[in-house]
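Report on the structure given below.
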2 protein chains.
Amino acid sequence: MPTDTVKGFPIPSVRRLPLYLRLLRELRGEGHDSVSCTRIAESLDQGTVQVRKDLAITGIVGRPKVGYQIPELIDAIETFLGWKNTRDAFLVGAGSLGSALLGYEGFGDSGLNIVAAFDTNPEKVGTRIHEKEVLDWESFHDLAHRMHILIGILTVPADVAQEVTNAMILAGIRAIWNYTPAKLEVPPTIVVEDVRLSSSLAMLSSRLTRLLESQR
Amino acid sequence: MPTDTVKGFPIPSVRRLPLYLRLLRELRGEGHDSVSCTRIAESLDQGTVQVRKDLAITGIVGRPKVGYQIPELIDAIETFLGWKNTRDAFLVGAGSLGSALLGYEGFGDSGLNIVAAFDTNPEKVGTRIHEKEVLDWESFHDLAHRMHILIGILTVPADVAQEVTNAMILAGIRAIWNYTPAKLEVPPTIVVEDVRLSSSLAMLSSRLTRLLESQR
DNA sequence: TAGATTGTTAATCGATTAACAATC
DNA sequence: TAGATTGTTAATCGATTAACAATC
């Protein structure tokens with residue numbers, strides 16, 4: 001089978017892996033050594049089969065009657081996700097959302113280290129936001145190349161999103177975490193992950209609307 | 001059919017509605033009056049049938065040969081999502097992520113207005129973040145009741161998430177936008193929408209990892 | 001009328017769940 | 001050994017896509 005035909009993993013399973021990881025780290029902290037699917041399923045309010053299927057994509061195998069070794073399982077998930085070593089990232093667009101992400105301390109647990117921010121606004125360039133330097137967008141290309149940065153976080157206004165994306169790719173960026181509502185056009189060798197807060201908000205407000213309607 | 005058995009709408013369709021809305025508002029701004037599924041599908045890089053199915057959940061009907069009337073379609077989507085009138089929300093937890101959301105200006109397009117923030121930290125209480133007041137968490141209950149606030153945005157540390165959730169519900173909150181990694185336990189009449197940035201990051205980094213592996 | 005476009009019904013695909021066999 | 005738990009195969013469910021009928 002040629003490598004570019006390799007089958008992907010179920011998207012919902014990959015998205016659930018961080019939930020398991022968080023729980024497992026907690027259990028490890030409490031001194032537990034092994035854990036069963038039943039136990040995990042209960043804590044996360046899911047089915048046991050789903051837990052087994054999800055964990056299986058990391059290549060881990062459990063032992064009947066015992067369950068899974070927690071350290072081994074944590075290692076397998078971190079390896080699968082590429083979270084064993086933290087990866088450096090550059091953020092572009094130091095607006096309110098960008099600033100927030102710069103200050104968010106939870107990404108370390110997820111193998112991500114935001115090194116610096118970039119902006120075109122001369123009033124922002126040269127300042128620091130949450131201890132991180134805001135650099136001139138002009139210097140992005142050279143710095144990203146020199147530091148071998150592979151991840152770009154996109155928090156610019158939607159109307160310049162595509163333009164910035166193109167420049168990121170030329171600078172060697174291979175994966176873009178897109179917080180803008182724009183649909184980015186990229187070559188197939190570039191990874192794009194859209195955050196789409198508006199989709200999440202659509203779920204929240206439509207369900208609330210249905211709920212309120214049903215009670216009138 | 002009893003109202004509590006009403007069939008839900010396909011989740012992926014609801015999550016795509018904001019994408020259509022954004023495009024339609026843009027087309028309206030350019031002076032267009034009607035639009036076909038083919039046109040929408042092209043712009044968003046999807047299939048035409050999916051577009052029709054998605055739009056159908058709002059109850060809209062198009063005209064063969066012509067397409068959909070843009071103002072009518074915008075109205076139908078906004079009505080379905082409950083975005084015709086903006087709804088007020090309280091945010092709890094004025095940390096870095098919370099501050100970011102307070103400053104984010106895009107929520108207005110999505111029918112959400114964050115009125116104020118709440119925190120327990122005395123150094124934050126009384127200050128303003130992006131023009132919004134930070135109030136004492138103690139005053140949440142009374143204010144939420146008095147102002148009939150239905151939406152709570154949860155950006156507190158994970159270990160107090162459940163506790164804050166319980167208090168929110170007692171204060172009359174009906175829908176919680178949960179930015180913490182905690183799995184919240186709530187009665188069935190309360191809407192919870194989890195944002196789970198770590199799931200998104202898991203997708204990004206696992207795909208990047210696979211990509212880099214395949215090239216070695 | 002002819003052709004473009006909508007809307008619906010059927011087929012496919014992928015994810016979840018159920019049933020059961022394997023194993024420590 | 002018996003029983004708990006894993007892992008796999010089959011059945012179900014939901015979403016997407018394809019085929020086609022309806023209509024302006």
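So that the names make sense, note that chain A is the first sequence line, chain B the second, and so on, each numbered from 1. Just so we're clear, the structure is a prediction, and the values are computed from it rather than from any experiment. Just the heavy atoms: all of them, side chains too, but no hydrogens, waters or symmetry mates, feed the values below.
Within a 6.0 Å sphere centred on CG of L212(B), other residues, nucleotides and ligands contribute more than 12 heavy atoms. Within a 6.0 Å sphere centred on CD of E30(A), heavy atoms belonging to other residues, nucleotides or ligands number more than 12. Within a 6.0 Å radius of CD in E131(A), other residues, nucleotides and ligands contribute 12 heavy atoms or fewer.
For K53(A) against dT17(C), a side-chain-to-base donor-acceptor contact under 3.5 Å is present.
Classification of K84(B) and D75(B) as a salt-bridged pair holds, one side-chain N sitting under 4.0 Å from a carboxylate O. In this structure, E213(A) pairs ionically with R210(A), as a charged nitrogen and a carboxylate oxygen lie closer than 4.0 Å.
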* Asked: Where each pair must be Watson-Crick or G-U wobble with both distances under 3.5 Å, what dot-bracket representation of DNA chain D is obtained, with crossing pairs in [ ] and other-strand partners as |?
  -> ..||||||||||||||||||||||

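Comparing dC24(D), dA15(D), dC24(C) against the side chain of R63(A) picks out dC24(C) as the nearest. Side-chain proximity of V49(B) to dT16(C), dA18(D), dT23(D): nearest is dA18(D).
M168(A) is listed as a side-chain neighbour of F140(A), based on a closest heavy-atom distance under 4.5 Å.
Put simply, CD on Q46(B) is 15 Å from P on dA15(D), counting in whole angstrom units. Per the geometry, CD belonging to Q69(B) stands 14 Å off C1' belonging to dT6(C), to the nearest Å. Summarising the geometry, the separation between CD1 on I60(A) and P on dT8(D) is reported as 14 Å, rounded to the nearest angstrom. Rounded to whole Å, the distance from CG on L17(A) to C1' on dA15(C) is 15 Å. Atom CG of D54(B) and atom P of dT17(D) are 10 Å apart (whole Å). Here dT8(D) presents its P atom at 14 Å from CD1 of I57(A), a figure rounded to the nearest Å. Regarding K65(B), its NZ atom lies at a distance of 7 Å from the P atom of dA4(C), rounded to whole Å. Atom CZ of R15(A) and atom C1' of dT16(C) are 17 Å apart (whole Å).
The residue G67(B) sits close only to the backbone: its heavy atoms come under 4.0 Å of sugar-phosphate atoms, none of a base. Residue contacts for G47(B): at a heavy-atom cut-off of 4.0 Å it reaches no nucleic acid atom on any strand shown. Residue R39(B) is classed as having no contact, given no heavy-atom separation below 4.0 Å to the nucleic acid.
Cation-pi geometry between R207(A) and F9(B) is not met: the NZ or CZ atom fails to fall both under 6.0 Å from the ring centre and inside 45° of the normal.
One finds no side-chain N or O of Y68(B) lying less than 4.0 angstrom from the OP1 or OP2 phosphate oxygen of dC24(D). Applying the 4.0 Å criterion to OP1 and OP2 of dT6(D), one finds that R52(A) has a side-chain N or O inside that range. For dT17(C), one of the phosphate oxygens OP1 or OP2 lies less than 4.0 angstrom from a side-chain nitrogen or oxygen of Q50(A).
In terms of position on DNA chain C, the residue among V66(A) and V61(B) whose nearest nucleotide sits closer to the 5' end is V61(B).
Of the possible donor and acceptor atoms, one in the side chain of R25(A) sits under 3.5 Å from a partner among the backbone N and O of D109(A).
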